[in-house]
K.L.:
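Pasting a structure below so you can have a look.
Source: prediction; values computed, not measured.
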Amino acid sequence: MTPVHFAFSSTFLLGLTGLAFHRTHLLSALLCLEGMMLSLFIALSLWTLQLDSTSFSTSPMLLLAFSACEASAGLALLVATARTHGSDRLQNLNLLQC
């Protein structure tokens with residue numbers, strides 16, 4: 001395993017660990033998801049550069065576009081949750097009370 005591969009794997013796993021164990025606030029969960037998507041974007045970009053292939057050159061930009069859409073939807077949910085429930089704590093969200 002190369003050091004670059006180890007760095008991106010550990011970055012992704014740290015984001016996944018943060019998402020799994022520190023789910024107290026919606027904002028921290030969204031930041032962990034963004035960190036995971038950023039590590040995937042950089043890894044996919046470097047993989048495309050290492051292959052010197054033009055057929056995979058649009059994949060990182062497509063992933064970045066989906067990441068931006070995911071971030072905007074997450075922020076919209078964060079604002080809606082903060083307006084209706086008063087905070088972004090995930091323990092306060094109960095789908096059975098809707």
Side-chain angles (χ1 to χ4, degrees):
M1 180 181 289
T2 63
V4 173
H5 186 264
F6 177 73
F8 291 125
S9 297
S10 62
T11 304
F12 183 80
L13 288 177
L14 280 174
L16 189 64
T17 305
L19 185 64
F21 293 126
H22 302 292
R23 294 182 299 181
T24 56
H25 295 280
L26 182 60
L27 185 61
S28 64
L30 289 174
L31 284 174
C32 289
L33 281 174
E34 285 301 313
M36 290 169 55
M37 290 298 286
L38 185 62
S39 70
L40 283 176
F41 170 72
I42 294 173
L44 191 60
S45 298
L46 287 179
W47 180 62
T48 304
L49 287 174
Q50 286 176 351
L51 286 180
D52 290 330
S53 176
T54 59
S55 62
F56 293 119
S57 63
T58 59
S59 298
M61 295 311 267
L62 188 65
L63 182 71
L64 193 62
F66 283 135
S67 178
C69 293
E70 179 257 334
S72 65
L75 286 177
L77 285 172
L78 178 70
V79 168
T81 301
R83 284 184 181 174
T84 57
H85 295 284
S87 72
D88 67 335
R89 291 186 58 87
L90 292 177
Q91 283 82 14
N92 294 340
L93 300 178
N94 189 359
L95 294 177
L96 298 177
Q97 292 178 351
C98 291

K.L.:
Once rounded to the nearest 0.5 Å, what's the spacing between atom OG of S28 and atom CZ of R89?
P.N.:
10.0 Å
K.L.:
Over all heavy atoms of both residues, which pair between T17 and L13 is shortest? Give the atoms and the distance, please.
P.N.:
OG1-O, 2.7 Å
K.L.:
With the side chain counted from C-beta on, respond yes when T58 and M61 share a heavy-atom pair under 4.5 Å apart, and no when they do not.
P.N.:
no
K.L.:
How would you list all residue pairs meeting ring-ring contact (aromatic ring centres under 6.0 Å, His included) that involve residues 6-29, not counting sequence neighbours?
P.N.:
none
K.L.:
Are L14 and F41 linked, directly or through other ILVMFWY residues, by side chains that come within less than 4.5 angstrom of each other?
P.N.:
no
K.L.:
Working to the nearest 0.5 Å, report the span between CG of L40 and CG of L64.
P.N.:
12.0 Å
K.L.:
Hey, could you give me the OG/CD distance between S45 and Q50, rounded to the nearest 0.5 Å?
P.N.:
11.0 Å
K.L.:
For the CG atom of L75 and the CD atom of E70, what is their distance to the nearest 0.5 Å?
P.N.:
9.0 Å
K.L.:
Linking I/L/V/M/F/W/Y whenever any side-chain heavy atoms sit under 4.5 Å apart, do L46 and M37 land together?
P.N.:
yes
K.L.:
Hey, quick one: are L44 and V4 part of the same hydrophobic cluster, counting side-chain heavy atoms closer than 4.5 Å, chains of contacts allowed?
P.N.:
yes
K.L.:
Should L30 and E34 count as side-chain neighbours, where that means a heavy-atom distance under 4.5 Å?
P.N.:
no
K.L.:
Is there a continuous path of hydrophobic side-chain contacts, each under 4.5 Å between heavy atoms, that joins F66 to I42?
P.N.:
no
K.L.:
Once rounded to the nearest 0.5 Å, what's the spacing between atom CG of L78 and atom CG of L26?
P.N.:
5.0 Å
K.L.:
Within this structure, what is the OG-CG distance for the pair S39 and L16, rounded to the nearest 0.5 Å?
P.N.:
10.0 Å
K.L.:
For L33 versus L19, what's the shortest heavy-atom pair and its separation?
P.N.:
CD2-CD2, 3.8 Å
